[in-house]
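One structure is given below, encoded as structure tokens.
All heavy atoms count here, side chains included; hydrogens, waters and symmetry mates do not. One-based numbering along the sequence shown. Everything numeric in this text was worked out from a predicted model, so none of it was measured.
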Amino acid sequence: MRILKLSEEVGEVAAAVIGATGQNPRKGVTHSWDDVRSELCDVMITAMVALRTLTPDAEAVFAERLRFVDARAAAAGSTP
């Protein structure tokens with residue numbers, strides 16, 4: 001269920017971006033970029049809660065993934 005909640009939160013980010021850019025002609029601008037940032041934080045929190053549900057050592061799993069992504073970016077010549 002926590003994974004489904006993550007999908008819901010991502011949908012809220014999408015709705016906020018649509019609202020911040022006024023892409024819905026019927027509604028116009030309904031959100032701010034602060035709303036988008038807040039919704040992105042909600043996605044991150046929900047993802048971490050889901051990860052913690054799957055493993056008791058979520059911090060180590062996340063840190064390892066960050067190292068992997070950092071190494072991949074460095075190999076590609078990108079800045080993390």
Taking every heavy atom of Arg2 against every heavy atom of Thr46, the minimum-distance pair comes out as O-CG2, 4.2 Å
Looking at Ala16 and Glu39, what are the two nearest heavy atoms and their distance?
CB-CG, 4.2 Å
same_hphob_cluster(Leu6, Val17) at 4.5 Å side-chain heavy-atom cutoff:
yes
Calculate, to the nearest 0.5 Å, the distance between atoms SG and CD belonging to Cys41 and Glu9 respectively.
11.0 Å
OG1 of Thr30 to NZ of Lys27: how many Å apart, nearest 0.5 Å?
6.5 Å
Over all heavy atoms of both residues, which pair between Val43 and Val13 is shortest? Give the atoms and the distance, please.
CG2-CG2, 3.5 Å
Separation between NZ of Lys5 and OG1 of Thr53, rounded to the nearest 0.5 Å:
13.5 Å
Do Thr21 and Trp33 have side chains that get closer than 4.5 Å, going by heavy atoms?
yes
From CD1 (Ile45) to CG (Leu40), nearest 0.5 Å
11.0 Å
For Glu8, does the CD atom sit with more than 12 other heavy atoms under 6.0 Å from it, leaving out its own atoms?
yes
Ionic contact status for Arg67 with Asp70, cut-off 4.0 Å
no
Taking every heavy atom of Val61 against every heavy atom of Thr55, the minimum-distance pair comes out as CG2-CG2, 4.0 Å
What is the minimum heavy-atom distance between Val36 and Ala20, and which atoms define it?
CG2-CB, 4.1 Å
Checking Arg52 against Val49 for the side chain to side chain contact (heavy atoms under 4.5 Å, CB included) test, could you report, in this order, the C-alpha distance in whole Å, the side-chain angles of both residues, the deciding distance, and whether it holds?
CA-CA 5 Å; Arg52 176 58 182 88; Val49 169; 5.7 Å; no
